[in-house]
Amino acid sequence: QVQLVESGGGLVQAGGSLRLSCAASGRVFSRYTMGWFRQAPGKEREFVAAIEWNSGSTHYADSVKGRFTISRDNAKNTVYLQMNSLRPEDTAVYYCAAAFGRLISTMTMRYDDYDYWGQGTQVTVSS
């Protein structure tokens, strides 16, 4: 079992930056591929970024490529999402997710790839 707790959300002006953190419990964090998703009001939950457990390979949604960076610190059981050049359309609740032992090449980047979820953190970007 893994418990995930996100933090770092808030209100920021367009063009600004935020860094989200997701702290994980458990002793095998390093074996989990970690992902970030987001859900805006009235929309489906969508994939944002993922980082693989073994290689550290990353994958991004086209909408955030070049602006967002996912990283992880296995010693701290934490995954991060650095978000730069934020836009109003980035406004959403951001969720952290964990998938045990999965390789990005085998994943569909849908929410059902993942085994565990955090409660989410709100990000609001004003224009």
Side-chain angles (χ1 to χ4, degrees):
Q1 279 255 343
V2 174
Q3 291 185 324
L4 305 172
V5 179
E6 302 95 335
S7 62
L11 174 64
V12 64
Q13 288 190 331
S17 298
L18 282 174
R19 188 176 82 154
L20 305 183
S21 299
C22 172
S25 65
R27 293 175 292 178
V28 291
F29 173 77
S30 62
R31 294 290 309 276
Y32 283 86
T33 286
M34 301 299 296
W36 286 97
F37 285 71
R38 66 187 182 187
Q39 188 166 17
K43 295 190 176 181
E44 291 190 353
R45 192 169 298 190
E46 66 172 359
F47 169 78
V48 174
I51 184 165
E52 197 169 87
W53 69 274
N54 61 338
S55 67
S57 296
T58 57
H59 184 69
Y60 297 92
D62 288 343
S63 59
V64 306
K65 204 171 291 184
R67 300 187 298 122
F68 291 10
T69 303
I70 188 171
S71 61
R72 65 190 299 160
D73 185 338
N74 288 339
K76 295 183 178 180
N77 279 15
T78 301
V79 62
Y80 304 97
L81 185 68
Q82 177 66 44
M83 305 186 295
N84 298 329
S85 302
L86 282 161
R87 305 166 180 169
E89 54 264 39
D90 295 318
T91 295
V93 177
Y94 282 71
Y95 297 91
C96 172
F100 183 75
R102 295 293 302 275
L103 301 180
I104 286 179
S105 61
T106 68
M107 299 171 78
T108 62
M109 306 307 148
R110 284 174 47 85
Y111 63 87
D112 50 11
D113 279 333
Y114 291 83
D115 306 307
Y116 301 101
W117 291 84
Q119 293 300 307
T121 186
Q122 177 70 47
V123 172
T124 303
V125 184
S126 63
S127 57

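Between Ser85 and Ser17, the shortest heavy-atom contact is N-OG, 4.4 Å. Across every non-hydrogen atom of Ser127 and Pro88, the tightest pair is CB-CG, 3.8 Å. Across Gly8 and Leu18, no two heavy atoms sit closer than the pair O-CD2, 3.8 Å. Taking all atoms of both residues into account, the shortest heavy-atom contact from Ala92 to Arg38 is CB-CB, 3.8 Å.
The number of heavy atoms from other shown groups lying within 6.0 Å of CD (Gln3) does not exceed 12. The number of heavy atoms from other shown groups lying within 6.0 Å of CD (Gln119) does not exceed 12.
Under the 3.5 Å distance criterion, the side-chain polar atoms of Glu6 are matched with a main-chain donor or acceptor of Cys96. With Thr78 contributing its side chain and Ala23 its backbone, the two residues share no donor-acceptor pair below 3.5 Å. One N or O on the side chain of Asn77 and one on the backbone of Gly26 form a donor-acceptor pair closer than 3.5 Å.
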> Could you walk me through whether Asp62 and Lys65 pass the salt bridge (charged side-chain N to carboxylate O under 4.0 Å, His left out) check?
Replying inline: CA-CA 5 Å; Asp62 288 343; Lys65 204 171 291 184; 3.1 Å; yes
>> If you apply the rule side chain to side chain contact (heavy atoms under 4.5 Å, CB included), what do you find for Phe100 with Val2, and how did you get there?
In response: CA-CA 10 Å; Phe100 183 75; Val2 174; over 6 Å; no
> side chain to side chain contact (heavy atoms under 4.5 Å, CB included) between Ile70 and Tyr60: does it pass, once the steps are laid out?
Replying inline: CA-CA 9 Å; Ile70 188 171; Tyr60 297 92; 3.5 Å; yes
> Stepwise, does the side chain to side chain contact (heavy atoms under 4.5 Å, CB included) test hold for Thr33 with Asp113?
Replying inline: CA-CA 10 Å; Thr33 286; Asp113 279 333; over 6 Å; no
> Stepwise, does the side chain to side chain contact (heavy atoms under 4.5 Å, CB included) test hold for Gln122 with Thr91?
Replying inline: CA-CA 8 Å; Gln122 177 70 47; Thr91 295; 4.0 Å; yes
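Taking hydrophobic clusters as Ile, Leu, Val, Met, Phe, Trp and Tyr residues chained together by side-chain heavy-atom distances below 4.5 Å, Tyr94 does not share a cluster with Tyr80. A continuous path of hydrophobic side-chain contacts links Met34 to Val123 [ILVMFWY only; heavy atoms under 4.5 Å]. Linking Ile, Leu, Val, Met, Phe, Trp and Tyr whenever their side-chain heavy atoms come within less than 4.5 Å leaves Val5 and Tyr116 in two separate clusters.
Trp53 belongs to a hydrophobic cluster whose remaining members, ordered by chain and number, are Leu103; membership requires side-chain heavy atoms of ILVMFWY residues under 4.5 Å apart, directly or through intermediates. Residue Phe47 is found in a hydrophobic cluster whose other members, listed by chain and number, are Phe37, Val93, Tyr95, Ile104, Met107, Met109, Tyr111, Tyr114, Trp117; membership requires side-chain heavy atoms under 4.5 Å apart, directly or through intermediates.
The distance from atom CZ of Phe29 to atom CG of Leu4, rounded to the nearest 0.5 Å, is 8.0 Å. Atom CD of residue Glu89 and atom NZ of residue Lys43 lie 8.5 Å apart, to the nearest 0.5 angstrom. Distance check: Met83 CE to Arg19 CZ gives 11.5 Å after rounding to the nearest 0.5 Å.
Applying the salt bridge (Lys or Arg N to Asp or Glu O under 4.0 Å) test to residues at least two apart or on different chains, the pairs with a partner in residues 67-88 are Arg67-Asp90.
Using a 4.5 Å cut-off on side-chain heavy atoms (C-beta onward), Phe68 and Leu81 make contact.
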